[in-house]
Amino acid sequence: MPIEENTLPFSATLATSPLQDVTDMMREISKYTDPTDIVREYIKRIRQFYPVDRVIALARPDMNSDEVFYACMGNWDKPVLPWGNLENFEPLGDGLLKNLCLNGEPTIVNDLTDELSENDRDILGEMNSLRTIPLFNKGEASQMIVGMKAEPNGFQQEDLSALVWLGNLFGKAVQNLIKAQELSVAYKAVDRELKTVGQIQRDLLPESVPEVPNLELATYYEPSARAGGDYYDFFPLEDGRLGIFIADVSGHGTPAAVVMAIMHTIAHTYSGPQKLPSQFLTYINKHLCQNFTTRSGIFVTAFYAIYNPQDKSLTYASAGHNPPVHRKCGASPVSTLDRAGRIPLGISSEITYDDATVKLTSGDRVVLYTDGIIEAFGSDETQFGMDRLGAIVGRCDLNSTTIVDAVVNQLHEFTGTTSQADDCTLVVMKVR
């Protein structure tokens with residue numbers, strides 16, 4: 001019957017070679033991911049090679065101060081981590097231990113004499129020899145491990161080099177793991193916040209498309225991250241007319257989402273004339289420039305159109321936005337609404353915008369989109385492009401909803417697993 005290893009004295013549990021001992025230690029340590037578990041396993045194993053009776057950890061959280069903190073590492077199941085939270089540490093008073101830590105050098109004291117201070121005696125107790133292993137960070141000994149033995153002359157000078165080497169390599173690995181865990185916790189917290197921002201942003205978008213005589217509408221919105229800078233909206237106007245708005249804030253993520261929310265607020269406070277889209281864009285631009293964008297360098301491309309169901313006309317103005325695609329069912333040429341373009345919103349408060357009008361007929365399709373659609377990359381690093389979008393828009397068998405579905409399906413097929421850096425938004429109009 002095999003004898004359990006932990007029932008044998010150390011001399012009987014050694015493997016056939018020091019290399020095997022080290023290999024076994026590294027194999028066991030590699031099973032853990034929690035820093036406390038790793039430190040516990042390391043201490044248990046390293047004490048077989050370099051036995052001690054007691055260990056304390058010293059820490060200097062501020063290298064510009066001579067404050068030193070200490071913690072006893074007597075609980076081997078839950079050892080303290082000098083690289084992490086110092087909640088289990090206490091201030092260390094003046095004496096030998098503090099001086100050794102401030103000195104920051106590997107040291108052996110094999111005869112602890114009556115020169116010890118009262119602070120030292122409270123901590124050292126019956127110990128008669130000690131060995132210090134400094135742990136370096138950015139060139140400074142910010143932590144120190146002190147091993148102690150009850151017997152005098154308990155430590156050998158020749159062991160120091162290996163212990164300093166092993167201790168610092170192991171300490172740096174644990175320190176990096178602690179930082180990785182802290183970053184993971186911070187990332188999860190930020191991700192939760194971004195999810196909330198993204199949900200708020202989605203709540204700002206229209207819940208449904210409005211009902212307009214002789215017009216079908218469908219939309220699609222997908223941010224590249226939790227939150228994005230794309231925005232679309234509808235504004236019911238007098239005489240049954242409908243304002244259709246699409247915008248794209250420069251940049252991505254939270255800053256773009258914040259500006260998008262600001263722009264939503266500005267757009268919904270507009271109470272001026274509703275005849276010309278240019279007046280609406282001029283109003284938004286003025287308020288963005290005066291209060292939000294000129295110092296940040298953020299700008300917004302936007303397109304605003306007013307559809308009149310009585311004569312099927314579309315009057316529009318553009319602020320540097322991608323010209324919408326206009327195509328008749330089965331017609332060969334793909335045209336764009338590009339006759340009223342000016343610079344993006346948020347750059348200059350002095351800019352005013354122009355208007356243009358196009359008469360639509362039954363079967364006409366107009367697709368408003370952001371550049372995340374046409375600039376999406378495939379696996380071969382080519383872009384989705386206007387040709388693919390125009391081909392789908394021209395299909396006679398599709399209505400507004402199925403045009404959106406066809407674009408999205410082909411876009412996903414085109415991009416595959418390639419991650420995209422920009423938000424994607426579509427607003428599709430089909431005249432009946």
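- A side-chain N or O of D364 and one of T361 form a donor-acceptor pair less than 3.5 Å apart.
- Under the 3.5 Å distance criterion, the side-chain polar atoms of R339 are left unmatched by any main-chain donor or acceptor of L337.
- Listed for the R241 side chain is no donor-acceptor partner under 3.5 Å among the backbone atoms of L237.
- One side chain, D380 or T382, offers a donor N or O that lies under 3.5 Å from an acceptor on the other.
- In the model, N409 has no side-chain atom that pairs as donor or acceptor with a side-chain atom of E413 under 3.5 Å.
- By the 4.5 Å heavy-atom criterion applied to side chains, P324 and V367 are not counted as neighbours.
- Across every non-hydrogen atom of D120 and L97, the tightest pair is OD1-N, 3.3 Å.
- Other residues, nucleotides and ligands place no more than 12 heavy atoms under 6.0 Å from the CG atom of D387.
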Checklist entry - After noting the C-alpha distance and the side-chain angles of F280 and F235, does the key distance pass the ring pair (Phe, Tyr, Trp, His ring centres under 6.0 Å) rule? => result CA-CA 11 Å; F280 179 76; F235 298 89; 5.4 Å; yes
Next on the checklist: Between S250 and I298, does the side chain to side chain contact (heavy atoms under 4.5 Å, CB included) criterion hold? Intermediate values first, please.
Outcome noted: CA-CA 6 Å; S250 63; I298 293 175; 3.6 Å; yes
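- The aromatic rings of F245 and Y231 stand perpendicular to each other, their planes meeting at an angle above 60°, with 30° marking the opposite boundary.
- In the displayed structure, E67 atom CD is contacted under 6.0 Å by at most 12 heavy atoms of other residues, nucleotides or ligands.
- Counting only distance, with no hydrogens or angles, the side chain of Y283 and the backbone of S271 share no donor-acceptor pair below 3.5 Å.
- Put simply, the side chain of D233 reaches to within 4.5 Å of the side chain of P206, judged on heavy atoms.
- A donor atom on one side chain and an acceptor atom on the other are not found under 3.5 Å apart for D355 and T315.
- By the 4.5 Å heavy-atom criterion applied to side chains, K172 and N137 are counted as neighbours.
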Checklist entry - Should K430 and I403 be marked as a side chain to side chain contact (heavy atoms under 4.5 Å, CB included) after you check the CA-CA gap, both sets of side-chain angles, and the distance that decides it? => result CA-CA 10 Å; K430 180 183 176 182; I403 286 174; 5.5 Å; no
Next on the checklist: E105 vs T132, test: side chain to side chain contact (heavy atoms under 4.5 Å, CB included). Steps then yes/no.
Outcome noted: CA-CA 8 Å; E105 296 294 332; T132 66; over 6 Å; no
Item to check | Evaluation steps, side chain to side chain contact (heavy atoms under 4.5 Å, CB included), between L389 and R327 | outcome: CA-CA 11 Å; L389 179 61; R327 190 167 187 181; over 6 Å; no
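- In terms of modelled atom types and a separation under 3.5 Å, the side chain of Y270 and the main chain of P273 share a donor-acceptor contact.
- Here the side chain of R342 pairs no donor or acceptor atom with the backbone of A317 at under 3.5 angstrom.
- A donor-acceptor contact under 3.5 angstrom links the side chains of D230 and T425, judged on distance only.
- K286 contributes atom NZ, which lies 13.5 Å from atom CD1 of I284 (distance to the nearest 0.5 angstrom).
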Next on the checklist: Is there a side chain to side chain donor-acceptor pair (under 3.5 Å) between N119 and S117? Walk through the geometry before answering.
Outcome noted: CA-CA 5 Å; N119 294 322; S117 69; 4.5 Å; no
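- At least one donor-acceptor pair under 3.5 Å links the side chain of N168 to the backbone N or O of P134.
- No donor-acceptor distance shorter than 3.5 angstrom exists from the side chain of Q290 to the backbone of S349, with no hydrogens or angles considered.
- Checking N285 against T282 by side-chain atom types alone, no donor-acceptor pair falls below 3.5 Å.
- Salt bridge D24/R27: present, at least one basic N to carboxylate O contact under 4.0 Å.
- S362 and K312 form a side-chain donor-acceptor contact under 3.5 Å, judged by distance and modelled atom types alone.
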Could you give the side-chain donor-acceptor pairs of residues 213-220 under 3.5 Å, partners two or more places apart or in another chain?
from	atom 1	to	atom 2	distance (Å)
N214	OD1	Y307	OH	2.5
N214	ND2	P309	O	2.9
E216	OE1	S400	N	3.2
T219	OG1	Y232	OH	3.3

